[in-house]
> 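Let me give you the structure first, and then I'll get to my questions.
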Protein chains: 2
Amino acid sequence: MLSLTKKTDYALIAMAYLAERPSQFCSARQISQEYSLPLPVLMNILKTLNHEGLVVSTRGAKGGYKIADDPAKVSLARLIDAVEGPIRFVQCVGKGEDDLCVGSCPIRGPVLKLHRKLNDFLEAATLADVVVPGTEPASAGVGTESGVET
Amino acid sequence: MLSLTKKTDYALIAMAYLAERPSQFCSARQISQEYSLPLPVLMNILKTLNHEGLVVSTRGAKGGYKIADDPAKVSLARLIDAVEGPIRFVQCVGKGEDDLCVGSCPIRGPVLKLHRKLNDFLEAATLADVVVPGTEPASAGVGTESGVET
DNA sequence: CCATATAGGACTCTGCACGTACGATATCAG
DNA sequence: CTGATATCGTACGTGCAGAGTCCTATATGG
């Protein structure tokens, strides 16, 4: 349904937390308590992030995680890709020989363009856009300020 | 995982098919045979599209579906919303009192902005962009005008 | 009347998101 | 050295949504 999973939510929160403390190691417990996230889940996510190189880890007592790169250099696309796997706006993006797209699919080309647009959008949006409250992420000239409720 | 479902794929194909034949009624069987889609599924989708007012239907022999509006006026957001329900880039968009966002969520505001950007992007992209091959789909302030060319 | 087509359900099956659990390993404090 | 704390790796279980099927009713054309 065109939504990110909770994993990405958690990952975003954790990365935001770490981005604000770039010089210290923070334990998963810290973050989970701060935002009431289920600890085991968060640990799994941090493990993944570590494995993908988005954070660095230190084991043992006083260990924890630290952000690996400058938040301004971490695109949302990379984060999502790390946590959820490759982004595929439509099914037949990465294959080329999808069962639907065997030469007869009339919407393949344009939809691919849309996919790239979305991808570029997520590439351009960085962690810094999410962390810093005042920042306008990628020219937000859209005035849709009304009624987000329901 | 940030992807559209097959329903949307099918709906897009069906709508594209109907958009190219705006003056005649086409049966679900026609479309399903043309693109090798499972007929019952396609019928379900067309039923939904009809219910949402995106197509008009005629029952009985020689019946079928016809596109309801000008393809240029049908946004992808509307189509997706019709088929898959409300678009929610992140979990806590439509509620305001999500379990995660009880005042302490540090990424809520910026993420909401991202959500709106994505939404506007899908609002701006229309069926015509998908149907007509040469059209540039929706340069709708999503930023990143990196010339993505096939 | 009969064939064809949609209308509108209910229904099953499967995969993934989500959360849990356990043992192993590495570091710090005493 | 020993114990406490933390990550590491992996495996398991549950619940829900996506994907597809089936059935009956209804309307139209021949």
Side-chain angles (χ1 to χ4, degrees), chain A residues 1-11 13-14 18 24-33 36-66 68 80 82-88 90-92 98-100, chain B residues 1-11 13-14 18 24-33 36-68 80 82-88 90-91 98-100:
Chain A
M1 47 180 169
L2 194 64
S3 72
L4 297 175
T5 67
K6 277 191 178 177
K7 281 183 188 174
T8 309
D9 279 345
Y10 295 164
I13 292 176
L18 295 177
Q24 54 181 293
F25 283 90
C26 308
S27 70
R29 179 165 298 163
Q30 263 182 275
I31 307 176
S32 82
Q33 286 181 349
S36 306
L37 311 182
L39 177 58
V41 180
L42 183 62
M43 290 182 73
N44 277 333
I45 292 171
L46 284 169
K47 276 183 251 180
T48 304
L49 291 176
N50 177 49
H51 198 262
E52 296 290 329
L54 289 168
V55 300
V56 293
S57 66
T58 303
R59 311 231 286 207
K62 295 279 185 79
Y65 296 93
K66 190 163 66 82
I80 295 173
V83 176
E84 309 201 30
I87 297 172
R88 23 177 52 203
V90 285
Q91 311 273 355
C92 56
D98 194 280
D99 50 339
L100 276 180
Chain B
M1 47 178 170
L2 195 62
S3 72
L4 297 175
T5 66
K6 278 191 177 175
K7 281 184 188 175
T8 309
D9 279 346
Y10 294 163
I13 293 176
L18 295 177
Q24 54 181 292
F25 283 90
C26 309
S27 70
R29 179 165 298 164
Q30 262 182 275
I31 307 177
S32 83
Q33 285 181 348
S36 306
L37 311 181
L39 177 59
V41 181
L42 183 62
M43 290 184 72
N44 277 334
I45 293 170
L46 284 169
K47 277 184 248 179
T48 304
L49 291 176
N50 177 49
H51 197 264
E52 296 291 328
L54 288 167
V55 300
V56 293
S57 66
T58 302
R59 312 230 286 208
K62 296 279 185 81
Y65 296 94
K66 190 162 67 80
I67 199 162
I80 295 172
V83 176
E84 310 200 29
I87 297 172
R88 24 176 53 201
V90 284
Q91 310 274 355
D98 194 278
D99 51 337
L100 275 180

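Letters A, B, ... mirror the listed sequences (proteins, then strands); counts begin at 1.
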> Run the side chain to side chain donor-acceptor pair (under 3.5 Å) test against A/Gln30 and tell me which residues pass, sequence neighbours left out.
A/Tyr17
> In Å, rounded to the nearest 0.5 Å, how long is the span from SG of B/Cys26 to OH of B/Tyr65?
12.0 Å
> Measure the distance from CE on A/Met43 to C1' on D/dT5 and round it to the nearest whole Å.
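Taking atom C1' of D/dT5 as the reference, CE of A/Met43 is at 10 Å.
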> Can you tell me the distance, in whole Å, between the CD1 atom of A/Ile45 and the C1' atom of D/dG9?
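So the CD1-C1' distance, A/Ile45 to D/dG9, works out to 16 Å.
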> Distance check, rounded to the nearest 0.5 Å: A/Arg29 atom CZ versus A/Leu42 atom CG?
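Taking CZ in A/Arg29 and CG in A/Leu42, the distance rounds to 11.5 Å.
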> Near DNA chain C, which residues from residues 53-63 of chain A have a heavy atom under 4.0 Å away?
A/Arg59, A/Gly60, A/Ala61, A/Lys62
> How many whole angstroms separate atom CG of B/Leu49 from atom P of C/dT6?
13 Å
> Whole-Å distance between C/dA5 P and B/Phe25 CZ?
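Spelled out: CZ on B/Phe25 to P on C/dA5 is 14 Å.
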> Looking only at the side chains, is there a donor atom on one of A/Asn44 and A/Lys47 sitting less than 3.5 Å from an acceptor on the other?
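Yes, side-chain donor-acceptor contact under 3.5 Å.
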> Starting at NE2 of A/His51 and ending at P of D/dT7, how long is that distance when rounded to a whole Å?
17 Å
> Rounded to the nearest 0.5 Å, what separation is found between the CG atom of A/Leu18 and the CG atom of A/Leu49?
8.5 Å
> Distance from A/Ile45 atom CD1 to A/Ser32 atom OG, nearest 0.5 Å?
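The OG atom of A/Ser32 is 11.5 Å from CD1 of A/Ile45, to the nearest 0.5 Å.
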> Report, one pair per line, the protein and nucleotides 21-23 of chain D atoms (nitrogen or oxygen only) whose separation is under 3.5 Å.
| residue | atom | partner | partner atom | Å |
| --- | --- | --- | --- | --- |
| D/dT21 | O4 | B/Asn44 | ND2 | 2.9 |

> Could you tell me if the side chain of B/Val83 sits less than 4.5 Å from the side chain of B/Leu4, heavy atoms only?
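The answer is no, as the side chains (C-beta and beyond) never meet within the 4.5 Å cut-off.
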> Look at the side-chain N and O atoms of B/Tyr10 and state whether any lies under 4.0 Å from the OP1 or OP2 oxygen of D/dA19.
no
> Can you name the residues that form a side chain to side chain donor-acceptor pair (under 3.5 Å) with B/Lys7, not counting sequence neighbours?
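By the side chain to side chain donor-acceptor pair (under 3.5 Å) rule, B/Lys7 matches no residue at all.
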> Determine to 10° how strongly the helix from C/dC1-D/dG30 to C/dG30-D/dC1 is bent, judged from the axes of its five-pair ends.
10°
> Reckon B/Asn50 has a side-chain N or O less than 4.0 Å from the OP1 or OP2 of C/dA7?
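So the side chain of B/Asn50 is within the cut-off, an N or O lying under 4.0 Å from OP1 or OP2 of C/dA7.
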> What pairs with A/Glu52 under side chain to side chain donor-acceptor pair (under 3.5 Å), at least two apart in sequence or on another chain?
none
> Given atom CD of A/Gln30 and atom C1' of D/dA6, what is their separation to the nearest angstrom?
12 Å
> Give the minimum heavy-atom separation between B/Thr8 and B/Ile80, together with the two atoms involved.
CG2-CG1, 3.9 Å
> Identify which nucleotide among C/dA17, D/dA19, D/dC8 has an atom closest to any side-chain atom of A/Thr5, counting heavy atoms from C-beta outward.
C/dA17
> Mind checking whether A/Leu37 and A/Asp9 have side chains closer than 4.5 Å, heavy atoms only?
no
> First locate atom CD of B/Glu84, then atom OG of A/Ser3, and finally report the distance between them rounded to the nearest 0.5 Å.
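B/Glu84 atom CD to A/Ser3 atom OG measures 9.5 Å (nearest 0.5 Å).
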> Look at the side-chain N and O atoms of A/Arg29 and state whether any lies under 4.0 Å from the OP1 or OP2 oxygen of D/dT5.
no
> Nearest of C/dC18, D/dC8, C/dG8 to any side-chain atom of A/Lys7?
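Closest of the options to the side chain of A/Lys7: C/dC18.
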> Nearest whole Å is fine: how far is D/dG18 P from B/Asp9 CG?
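Distance, rounded to whole Å: 14 Å.
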> Whole Å only: how far is the CD atom of B/Glu52 from the C1' atom of C/dA7?
15 Å
